[in-house]
Amino acid sequence: MRYGIFADVHSNLEALDAVIEAYKNEAIDRYLCVGDLVGYAVNPRECIKKVKALAAATVAGNHDWASVGLFSFENFNPLAKEALFWTKTRLDEEERSHLESLKLVYKNQDLTLVHGTLDNPAGFGYMSNGYIAEETFRILETNICFIGHTHCPGVFIKNPAEGIVSRQEESLDIEPGNSYIINVGSVGQPRDGDPRAAYCIYDTARKRIQIKRVDYDAQATRKKIVDLGLPEFLGDRFILGR
Ligand SMILES: [Fe+2]
């Protein structure tokens, strides 16, 4: 099985289209989305529709739940809040009920998906260090968990001998006995200094995980935000990758 796993699209249609196009060369059998379809950019409806058609499963992100009243706006910074208020006014009934229907955790025989952390998925905490990762490893029932939320790709590996180590890997071979938390990075608003859209491939037969990047027209995404009168910094972030 070759999984295409991606997260944090954030209404960025240009980035999503570039990732879908790049995946066409990867012989993907099943797509999975690790949340945050909406927020920040200005094509929530199109992104919901495309991911709904593409992904076999999508878990809820904090922006998805906040835009339908399931998570408090008070948890967001002023710019994210403004984008979310705008998003809320754009969704129709069907799109809202799709976001409402998203579950916090997805699990199958190969993997687990959660947007933030597994120990408190509804709290949407950031998996920012090994101490936090330990809590997810403790209750993880598969050997791999895919996450998003920080918008920075990265890996936590739990090895029986070494404990938990954190790494930045573009390609990772899965070894027996280890457990893995893979942050797949962000399609629509990367924050690791690389503005290219991030997407992940998990090949279960080869036991290999790859995080890839693809260029897209971030200037076009920025212009849409500026033209709508939304805060310019929301647009600048697509160019900066921060
Ligand atoms: Fe996000």
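Just so you know, ligand 1 is whichever comes first in the structure, and atom 1 is the first atom listed for that ligand. Here, residue 1 is the first one in the sequence, and each next residue gets the next number.
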Using distance only, find each side-chain donor-acceptor pair of residues 229-242 under 3.5 Å and give its atom names and separation, not counting sequence neighbours.
residue	atom	partner	partner atom	Å
E232	OE1	R222	NH2	3.2
D236	OD1	R222	NE	2.7
D236	OD1	R222	NH2	3.1
R237	NE	R242	O	2.8

H10 near the Fe ion (ligand 1): N/O/S under 2.8 Å: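 Yes.
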Residue H151, metal the Fe ion (ligand 1), N/O/S under 2.8 Å: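 Checking the Fe ion (ligand 1) against H151, an N, O or S atom does fall under 2.8 Å.
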Sole candidate of N108, D203, D29, T204 that passes side chain to side chain donor-acceptor pair (under 3.5 Å) when paired with Y3: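 Looking at N108, D203, D29, T204, the match for Y3 under the side chain to side chain donor-acceptor pair (under 3.5 Å) is N108.
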Side-chain H-bond candidate by donor/acceptor type, T112 with T142, under 3.5 Å: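 Looking only at side-chain atoms, T142 and T112 do form a donor-acceptor pair, the distance falling under 3.5 Å.
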Closest approach to the Fe ion (ligand 1) by D8, given as the N, O or S atom name: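 In D8, the heteroatom (N, O or S) nearest the Fe ion (ligand 1) is OD1.
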Atom of D36 closest to the Fe ion (ligand 1), considering N, O or S atoms: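 Nearest N/O/S atom of D36: OD2.
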Sole candidate of Y202, Y199, Y23 that passes ring pair (Phe, Tyr, Trp, His ring centres under 6.0 Å) when paired with Y31: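 That would be Y23; it is the only one of Y202, Y199, Y23 passing the ring pair (Phe, Tyr, Trp, His ring centres under 6.0 Å) with Y31.
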